[in-house]
Amino acid sequence: MAEVLDIVVVGGGINGAGIARDAAGRGLSVLLCEKSDLASATSSASTKLIHGGLRYLEYYEFRLVREALIEREVLLRAAPHIIWPLRFVLPHSKGLRPAWMIRLGLFLYDHLGGRKLLPASAGIDLRQHPAGAPLEADLRKAFVYSDCWVQDSRLVVLNAMDAAERGAEVLTRVECLSARRDGDRWRVVLRDCRNGAQREVVARALVNAAGPWTAEFIEQRAGLNKGLPLRLVKGSHIVVPKLFEHAFPYIFQNPDGRIVFAIPYEDDFTLIGTTDVDFTGDPAEVAITAEETRYLCDAVNAYFKRKIAPDDVVWTYSGVRPLYDDAAESAAAATRDYVLQLDQGDGRAPLLSVFGGKITTFRRLAEHALAKLEDALGPLGAPWTAGAALPGGDMPDADFEGCLARFGQAHPWLPARLARRYLRNYGTRAERLLAGATALDGLGEHLGDGLYAAELGYLLRHEWAETADDVLWRRSKLGLHVSDATKQKIAAWLAREGAAAVRQETA
Ligand SMILES: Cc1cc2nc3c(=O)[nH]c(=O)nc-3n(C[C@H](O)[C@H](O)[C@H](O)COP(=O)(O)OP(=O)(O)OC[C@H]3O[C@@H](n4cnc5c(N)ncnc54)[C@H](O)[C@@H]3O)c2cc1C
C-alpha cells in the first residue's frame with residue numbers, strides 16, 4: 001500500500017508554495033508539484049510590491065487592504081533581504097482625484113494596518129524634492145507614502161525551500177495529470193514533464209493552487225463540476241533605460257481612473273506597469289500587445305519631461321491574474337481579494353481551490369487554507385509562520401546596509417557589487433553559496449558578467465534551477481544585464497552539471 005500523504009498541493013506559484021510551507025511546518029506530510037519552474041506563471045509577473053493597495057480603498061476593499069497592510073511588516077521581518085521599504089510619490093494632477101480625497105485615502109492607509117516600521121505618508125513640494133526634477137514643471141504638489149518592494153519569484157522559491165527543509169517533497173517540472181476520489185483519499189497521477197514518467201500518489205487532501213489554471217484543474221483534471229467563477233485579467237509591464245536617478249518610485253493617476261507605477265528597477269532601468277485587460281486563451285502564451293505598450297508609454301509621458309516611445313522598451317513581461325469573478329464592470333474593478341472553495345464531495349477527501357489573492361497576502365491565505373482544511377481533516381496544528389524567517393531572512397539586524405558592511409568585512413575579496421547582489425538575493429544563505437571561499441578563484445569558473453559556478457551550483461542544488469531562464473529571469477533578473485555569450489555559457493554549464501547530478505542521484 002502506497003504511503004498516504006496528508007496534502008498534495010498542485011501549483012508552485014506563491015499560493016501553492018506558501019500553503020506547502022505552512023503545512024509542512026505543522027508536521028504534515030506534503031507533496032507540491034509544479035508543471036514548469038517555480039513561479040513560472042503569474043508569481044513572477046507581478047509589479048513586485050508588498051502593498052496594501054491604495055487604489056483598492058476606492059472599491060471599499062477594507063478587509064483586503066487591512067490584511068495586506070499588516071502583512072507588509074510581517075513579511076519585511078521574515079525576508080528583509082528580498083523585501084525592502086520604498087517611499088512612493090503620488091503627484092497631484094489637476095482634474096483628477098482631488099487632494100482631499102487622496103489625503104483621506106492616505107490617512108486610512110497609514111492607520112488601517114497598525115504600522116510600526118514604515119514611515120507615515122506626507123505632503124511634499126515637488127519644486128523642492130528630488131522626485132520633482134524629472135517631472136513636468138506644472139506638477140507642484142505630491143504625496144509620499146510607504147509600501148515595500150519584493151523579488152516576487154524569489155519569495156516563491158524561499159517558501160518552497162522552507163517547505164522542503166521542513167520535510168515537504170517539492171517536484172518541479174512535474175504536472176498533476178489527474179486526480180480522482182477513492183473513498184476518503186485522493187489518487188493523484190503525476191507526470192514528469194522532462195521524460196513523461198508517471199507516478200501515482202495518495203493523499204488525504206488536495207489543494208488546487210493552479211493560478212490561471214484553477215478552473216481547468218477542477219473541471220478537467222479532477223473531473224468535478226464547475227468551481228466558482230474565475231476571471232482572468234492580463235497585466236503587462238515594460239522596462240526602459242532608467243528615466244530618473246533618485247530612489248523614489250512614482251504612482252501616476254491616469255485619466256481613465258487607473259494608476260500606473262514607474263519604479264526604479266535593477267539599478268539601470270525603470271519598470272512601468274501595469275495594464276488591466278480581460279484575458280481569454282492559454283495563460284502560458286500571455287504577451288504584451290502594441291496597444292498596451294503604447295498605453296504605458298502615454299501614461300508616463302503625461303508626467304515625465306523626458307518622453308518615451310515603444311522603441312525605448314528593452315524588455316516586457318505579462319501575467320494573468322486569476323481573480324475571483326465578482327461580476328465587476330471592468331477588469332480593474334474586479335476584486336483582488338481571495339476566495340477559498342472547499343469541495344468535500346460526499347463528505348470526505350477535500351479539494352481546496354484558491355481563487356484570487358495577492359503576492360502580499362499569500363501567508364494569511366495559507367493560514368486560512370489550513371483552517372478550512374481542518375474543518376474536513378480535523379486539527380492540523382497551530383499557525384506558526386507569522387514570526388518565522390524565510391531562508392536567508394534571519395539577518396542579524398534590521399538594517400540591510402549594516403549587514404552588508406559586515407558581510408563585506410568578512411569577505412573583503414568580494415567585489416562590492418557582487419557582495420550586494422549575493423546578500424540581496426540569498427541573505428544569510430550567501431555564506432552557503434561562498435562555501436568557505438577566501439578568494440574569487442574559490443567561486444569556480446567565471447561564466448561572464450559576475451556569474452560564477454559557485455552561484456549556479458547553489459541554485460541547482462538548493463533552488464531547483466535547471467535552465468538558463470530559471471537563473472536569469474526567476475532566481476534573479478540577471479537576464480537584463482548579461483551578454484548572450486554568458487547566457488549560452490550558463491545554459492551549457494547547467495545542462496552539463498544538471499545531467500551529472502541526475503547521474504549521481506540514480507547511481
Ligand atoms: C500584472 C500583475 C501585477 C501584479 N502585481 C502585484 C503586486 O505588485 N503585489 C501583489 O501582492 N500581487 C500582485 N499581483 C497578483 C499576484 O501576482 C498573484 O495574485 C499571484 O502571483 C498568484 O499566485 P498563484 O500561486 O495563485 O498563481 P501562479 O503564480 O500562476 O501559480 C500557479 C502555478 O500552478 C502551476 N500549475 C497549473 N496547473 C498545474 C498542474 N496541473 N500541475 C502542476 N502545476 C500546475 C502553474 O505552472 C503555475 O506556476 C499581480 C498580478 C499581475 C498579473
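- Counting heavy atoms from C-beta outward, F362 and S43 have side chains that stay 4.5 Å or more apart.
- Ion pair R406/D399 not flagged as a salt bridge, since none of the NZ, NE, NH1 or NH2 atoms sits closer than 4.0 Å to an Asp/Glu carboxylate oxygen.
- Stacking of R424 on the aromatic ring of W84 is recorded, both the 6.0 Å distance cut-off and the 45° axial limit being met.
- In this structure, R66 contributes its side chain and L112 its backbone to a donor-acceptor pair below 3.5 Å.
- With H111 contributing its side chain and F107 its backbone, the two residues share a donor-acceptor pair below 3.5 Å.
- The pair E292-K234 meets the salt-bridge criterion, with a side-chain N (NZ, NE, NH1 or NH2) lying under 4.0 Å from an Asp/Glu carboxylate O.
- Under the side-chain hydrogen bond (donor to acceptor under 3.5 Å, both in side chains) test applied with R475, the options D469, D470, D37 reduce to a single match, D37.
- Residues L57 and F62 are in side-chain contact: their nearest non-hydrogen atoms beyond the backbone lie under 4.5 Å apart.
- Checked by atom type and distance alone, the side chain of S236 never pairs as donor or acceptor with a backbone atom of T275 at under 3.5 Å.
- In terms of modelled atom types and a separation under 3.5 Å, the side chain of E73 and the main chain of L118 share a donor-acceptor contact.
- Under the 4.5 Å side-chain criterion, counting only non-hydrogen atoms from C-beta, F269 is not in contact with W315.
- Geometric assessment of K35 against the ring of W213 yields a positive cation-pi assignment under the 6.0 Å and 45° thresholds.
- The aromatic rings of Y324 and F355 sit perpendicular, their planes meeting at an angle over 60°, well past the 30° parallel limit.
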**OP:** For ring-ring contact (aromatic ring centres under 6.0 Å, His included), just list the numbers for Y145 and Y109, CA-CA rounded to whole Å, side-chain angles, deciding distance to a tenth of an Å, and then say yes or no.
**Re:** CA-CA 9 Å; Y145 70 91; Y109 210 67; 5.6 Å; yes
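- Here the NE2-OG1 distance, from H81 to T428, works out to 7.0 Å after rounding to the nearest 0.5 Å.
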**OP:** Applying side-chain contact (heavy atoms from CB on, under 4.5 Å), run through L373 and L342 and close with a yes or a no.
**Re:** CA-CA 8 Å; L373 285 174; L342 187 68; 4.1 Å; yes
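- Using a 4.0 Å cut-off between a side-chain N of Lys or Arg and a carboxylate O of Asp or Glu, E175 and R221 qualify as a salt bridge.
- Ring-plane geometry between Y250 and F252 is classed as parallel, the angle between the planes falling under 30 degrees on a 0 to 90 degree scale with a further cut at 60.
- Note on ring orientation: taking the six-membered ring where Trp is involved, the planes of F244 and H246 are parallel (angle under 30°, cut-offs 30° and 60°).
- A distance-only check finds a donor-acceptor pair linking the side chain of S44 to the backbone of A39 [under 3.5 Å].
- D337 is listed as a side-chain neighbour of E61, based on a closest heavy-atom distance under 4.5 Å.
- Salt bridge E367/R364: present, at least one basic N to carboxylate O contact under 4.0 Å.
- At distances below 3.5 Å, not a single donor-acceptor pair connects side-chain atoms of R336 with backbone N or O atoms of Y56.
- Ion pairing between a basic and an acidic side chain is recognised when a charged N comes within 4.0 Å of a carboxylate O; D6 and R204 show such pairing.
- When side chains are defined from C-beta on, V207 does not count as touching L32, because their heavy atoms never get closer than 4.5 Å.
- Judged purely by atom type and a 3.5 angstrom limit, R258 uses its side chain to pair as donor or acceptor with the backbone of T274.
- Y422 has its ring centre no less than 6.0 Å from the ring centre of F407.
- By the 4.5 Å heavy-atom criterion applied to side chains, L390 and L155 are counted as neighbours.
- Screening V313, T316, V314 for a side chain to side chain contact (heavy atoms under 4.5 Å, CB included) with V239, the sole residue that qualifies is V314.
- A salt bridge does not link E266 with K48: none of the charged nitrogens is closer than 4.0 Å to a carboxylate oxygen.
- A donor-acceptor pair under 3.5 Å is formed between the side chain of S146 and the backbone N or O of P119.
- Between L243 and I272, some side-chain heavy-atom pair lies under the 4.5 Å cut-off.
- Taking a cutoff of 4.0 Å between a charged side-chain nitrogen and a carboxylate oxygen, D267 and R420 do not qualify as a salt bridge.
- Rounding to the nearest 0.5 Å gives a distance of 5.5 Å between CG of L451 and CG of L478.
- Using a cut-off of 4.0 Å between Lys/Arg side-chain N and Asp/Glu carboxylate O, R421 and E455 are scored as salt-bridged.
- In this structure the side chain of S353 never reaches within 4.5 angstrom of the side chain of L228, judged on heavy atoms.
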